[in-house]
Every structure is written in structure tokens, then in C-alpha cells.
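Note that the coordinates shown come from a computational prediction; the quantities given were computed from them, not determined experimentally. Quick note: residue numbers are just sequence positions, from 1.
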Amino acid sequence: MTADNVVIAVKTSNDIVTARQAGRELAAKLGFTLTDITMISTAISEVARNITSYAGTGEIRITVEEREGRRALVVQAQDQGPGILDIARALEDGYSTGRGLGLGLPGARRLMDRLLIESTPGQGTLVEMWKWVPPRA
């Protein structure tokens with residue numbers, strides 16, 4: 001694990017804080033603005049909270065990779081939980097299968113440049129989202 005490749009096991013609310021902080025640190029190192037750093041860390045919190053709320057355990061991986069021909073800070077949230085039956089519906093504001101407000105995935109999608117979801121009911125979910133790395137000043 002390098003500074004540009006962080007993996008955080010997510011089991012408790014403390015792990016959400018750890019993942020959020022790791023995202024903040026890498027985003028700052030990459031030259032993101034304070035506003036972007038806040039958006040990235042908030043999006044990480046949302047997807048990590050989904051892991052603890054719906055799957056129980058999983059992991060957050062934060063890396064710098066190429067996406068669509070550009071460098072991006074990439075966040076992957078993966079679990080082996082119950083999966084998402086209707087991904088399109090899960091991305092609608094206000095829709096929740098739990099006790100939440102239904103703002104997690106739609107909010108994370110708005111905060112990041114891209115958000116993709118792969119999910120198989122009964123086998124888990126992978127949420128991948130990224131924000132373009134700003135050009136060096």
C-alpha cells in the first residue's frame with residue numbers, strides 16, 4: 001500500500017472517519033481545492049456509511065488512476081452485502097431501502113465527476129467514483 005493506494009476495511013463508524021481522512025489527505029496532496037477536498041471526503045463518507053448500514057463490512061480503496069484518458073482520484077467502495085436490486089432507483093433522491101434519507105448515492109454522484117455501480121443481489125456491490133485530478137499549477 002502506497003500513499004496513492006490506500007485500502008481501509010470498513011466495519012464501524014470509526015472506519016468511515018478513517019476513510020474520509022485518507023481521502024482528504026490524498027486529495028490535498030494532489031492539489032485539489034478545499035471545496036473539492038470537502039466534496040470528495042463527503043462522498044467517501046456516504047459510500048462508507050452505506051457499507052456499515054447495508055452490508056455490515058466492506059472496504060474503501062482510494063487510488064490515483066487513469067479514467068477516460070485523464071488522471072483521477074478514484075474511490076472504490078466494495079462489499080459482499082445484499083446488493084442493490086434496482087440501481088437506477090437507488091440513484092434517485094429520497095429513495096432508501098433502509099432508514100436513511102436516500103441521499104447517499106445520489107449525493108455522492110453529485111459530489112464526484114463520475115459514479116458507477118455494479119451490484120448483484122445476494123453477492124454485494126461495487127461503487128466506483130472519481131474526481132479529475134486538477135492540472136498542476
Next on the checklist: Please give the remaining members of the hydrophobic cluster of L126, linking ILVMFWY side chains under 4.5 Å, ordered by chain and number.
Outcome noted: none
Item to check | Residue pair I51 / G58: nearest heavy atoms and the distance that separates them | outcome: CG2-N, 3.4 Å
Next on the checklist: Could you measure the distance from the OG1 atom of T125 to the CD1 atom of I84? Nearest 0.5 Å is fine.
Outcome noted: 4.0 Å
Checklist entry - Do T57 and V10 come close enough that some side-chain heavy atom pair is under 4.5 Å? => result no
Checklist outcome for this item: Taking every heavy atom of A19 against every heavy atom of I62, the minimum-distance pair comes out as O-CD1, 3.7 Å
Checklist outcome for this item: The reported gap from CD1 in I117 to CZ in R109 (rounded to nearest 0.5 angstrom) is 8.0 Å
Next on the checklist: Quick check for you: to the nearest 0.5 Å, what is the distance between I60 atom CD1 and I44 atom CD1?
Outcome noted: 7.0 Å
Checklist outcome for this item: For E66, the salt bridge (charged side-chain N to carboxylate O under 4.0 Å, His left out) test, sequence neighbours excluded, returns none
Next on the checklist: Testing the basics here: between F32 and I37, what is the closest heavy-atom pair and its distance to 0.1 Å?
Outcome noted: O-CD1, 3.5 Å
Checklist outcome for this item: Heavy atoms of A108 and V47 approach each other most closely as CB-CG1, 4.3 Å
Checklist entry - What distance separates E128 CD from M112 CE, expressed to the nearest 0.5 Å? => result 10.0 Å
Next on the checklist: Nearest 0.5 Å, please: how far is CZ in R70 from CG in D113?
Outcome noted: 7.0 Å
Next on the checklist: Please say yes or no: joined through hydrophobic side-chain contacts below 4.5 Å, possibly via intermediate residues, are M129 and W132 part of one cluster?
Outcome noted: no
Item to check | SB check R20 E25 (cutoff 4.0 Å) | outcome: no
Next on the checklist: Quick check on Q21: does its CD atom have over 12 non-hydrogen neighbours (other residues, nucleotides or ligands) under 6.0 Å away?
Outcome noted: yes
Item to check | Donor-acceptor contact below 3.5 Å, side chain K131 vs main chain L111 | outcome: yes
Item to check | Polar contact flag, side-chain donor to acceptor under 3.5 angstrom, Q78-E59 | outcome: no
Next on the checklist: Can you list, by chain and residue number, the hydrophobic cluster partners of V17 when the side-chain cut-off is 4.5 Å?
Outcome noted: none
Checklist entry - Taking T63 for the side chain and V6 for the main chain, is one N or O donor matched with an acceptor at less than 3.5 Å? => result no
Next on the checklist: Any non-hydrogen side-chain atom of T33 less than 4.5 Å from a side-chain atom of P134?
Outcome noted: no
Item to check | Sub-4.5 Å side-chain heavy-atom contact between R67 and V74 | outcome: yes
Item to check | 4.5 Å side-chain heavy-atom contact, L91 and L115 | outcome: yes
Checklist entry - Does one hydrophobic cluster hold both V127 and W130, with members joined at side-chain heavy-atom distances below 4.5 Å? => result no
Next on the checklist: Less than 4.5 Å apart, side chain to side chain, heavy atoms only: is that true for T52 and T12?
Outcome noted: no
Item to check | Carboxylate-amine/guanidinium proximity below 4.0 Å for R71 and E65 | outcome: no
Item to check | Between OG on residue S41 and CG on residue L26, distance to nearest 0.5 Å | outcome: 12.0 Å
Next on the checklist: On a heavy-atom basis, which atom in P82 and which in A55 lie closest, and how many Å separate them?
Outcome noted: CD-CA, 4.1 Å
